[in-house]
Amino acid sequence: MRILVVEDEVGLAESLRRGLSADGHWIDLAHDGHRGLDLALTGGPYEVVLLDLMLPGLSGYEICGRMRAHGVTTPVLMLTAKDGEYDEAEGLDSGADDYLTKPFSFVVLAARLRALARRTALGAPQRPSVLQAGDLFLDPRGRRCRRGPREIELTARELGVLACLMEQPGRAVAKQDILDEVWDTPHGIDPNIVEVYVSSLRRKIDAPFGRRSILTVHGTGYRMAPDGG
């Protein structure tokens, strides 16, 4: 998932970032209310927003209320050190979907996030926002790629080719299918141009890590190893 964490306690925010990243999620951080609201409205799109209640600038109540007023329906899990039924009621009334009081168990937090994401997923099927093959992660919408904790810079075309392969792990994808998906005007372009981008991807996502994730399927095209090589 792509998750926005809005938390002014830098140590806690960093701990959440590390823990959630280790679970395979993409994390964006904000440490004050104004930055958090800006990301919630214009960043992402996010599957879940993890929102502290007491923040400098704008409170979690205000951020959540403004998100809903702007039509942002992203699920919100509100965190607070305050404990009481009125605080919880106010948080839920402002548009939050769930509420967790500090201190909390990371295991419980992760389970709550998954539950919120499942609720959102009910309905029309959609592509996952973050693609994964082993420790290789790709966020096509955010145009970000990483192998484990290490970010990898890719061009827009490289991102498109990699997304085509990672959306169908283990399955052979024809060069022409990649061309049709990634190039705006594929007609008249030699499908072998795909080889150039695959070679470039291998140099970036495989060679530095001693991996072999993009495999050649002779006579067809390429396939992504499900375990990321």
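What's counted below: heavy atoms across the whole structure, side chains too, no hydrogens, waters or symmetry copies. For clarity, every value in this text was computed on a predicted model and none was experimentally measured.
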Search all heavy atoms of [X] against all heavy atoms of [Y] and return the closest pair with its distance.
| X | Y | result |
| --- | --- | --- |
| Gly60 | Leu51 | O-CD2, 3.4 Å |
| Leu55 | Gly33 | CB-N, 4.1 Å |
| Arg212 | Ala225 | O-CB, 4.5 Å |
| Pro191 | Leu179 | CA-CD2, 4.0 Å |
| Leu39 | Ala30 | CD1-CB, 4.1 Å |
| Pro140 | Ala163 | CG-CB, 4.3 Å |

When rounded to the nearest 0.5 angstrom, what is the spacing between [atom1] in [X] and [atom2] in [Y]?
| X | Y | atom1 | atom2 | answer |
| --- | --- | --- | --- | --- |
| Leu138 | Arg146 | CG | CZ | 11.0 Å |
| Ile193 | Ile178 | CD1 | CD1 | 12.5 Å |
| Leu154 | Ser200 | CG | OG | 8.0 Å |
| Ser21 | Ile3 | OG | CD1 | 8.5 Å |
| Asp52 | Asp32 | CG | CG | 11.5 Å |
| Leu29 | Asp8 | CG | CG | 12.0 Å |

Out of curiosity, does [Y] fall in the hydrophobic cluster containing [X] (side-chain heavy atoms, cut-off under 4.5 Å, transitive links)?
| X | Y | answer |
| --- | --- | --- |
| Val196 | Ile152 | yes |
| Met166 | Leu215 | no |
| Ile63 | Met54 | yes |
| Phe104 | Ile27 | yes |
| Leu201 | Val217 | no |

With no hydrogens and no angle check, is any side-chain donor or acceptor of [X] less than 3.5 Å from a backbone partner on [Y]?
| X | Y | value |
| --- | --- | --- |
| Asp23 | His25 | no |
| Glu14 | Gly11 | no |
| Glu47 | Arg2 | yes |
| Arg143 | Leu159 | no |
| Gln132 | Gly134 | yes |

Are any non-hydrogen side-chain atoms of [X] and [Y] less than 4.5 angstrom apart?
| X | Y | answer |
| --- | --- | --- |
| Ser213 | Arg147 | yes |
| Thr74 | Leu4 | no |
| Tyr46 | Met1 | no |
| Leu53 | Tyr61 | yes |
| Arg68 | Val76 | yes |
| Arg17 | Val5 | no |
| Leu12 | Lys102 | yes |
| Leu162 | Tyr197 | no |

Inset, instruction - Show your working on side-chain contact (heavy atoms from CB on, under 4.5 Å) between Val161 and Tyr222 and close with a plain yes or no. - result: CA-CA 10 Å; Val161 173; Tyr222 305 94; over 6 Å; no
Inset, instruction - Take Ile214 and Met224 through the side-chain contact (heavy atoms from CB on, under 4.5 Å) test and state the conclusion after the steps. - result: CA-CA 5 Å; Ile214 302 179; Met224 171 64 62; 3.8 Å; yes
Inset, instruction - May I have the step-by-step check of side-chain contact (heavy atoms from CB on, under 4.5 Å) for Ile205 and Arg211, ending in yes or no? - result: CA-CA 8 Å; Ile205 69 171; Arg211 304 297 182 86; over 6 Å; no
Inset, instruction - List for me each residue that meets side-chain contact (heavy atoms from CB on, under 4.5 Å) alongside Val108, sequence neighbours excluded, and say none if there are none. - result: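 Result, side-chain contact (heavy atoms from CB on, under 4.5 Å) vs Val108: Leu100, Ser105, Arg112.
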Inset, instruction - Just jot down the salt bridge (charged side-chain N to carboxylate O under 4.0 Å, His left out) partners of Arg35, sequence neighbours excluded, or say none. - result: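 Expected list: Asp38.
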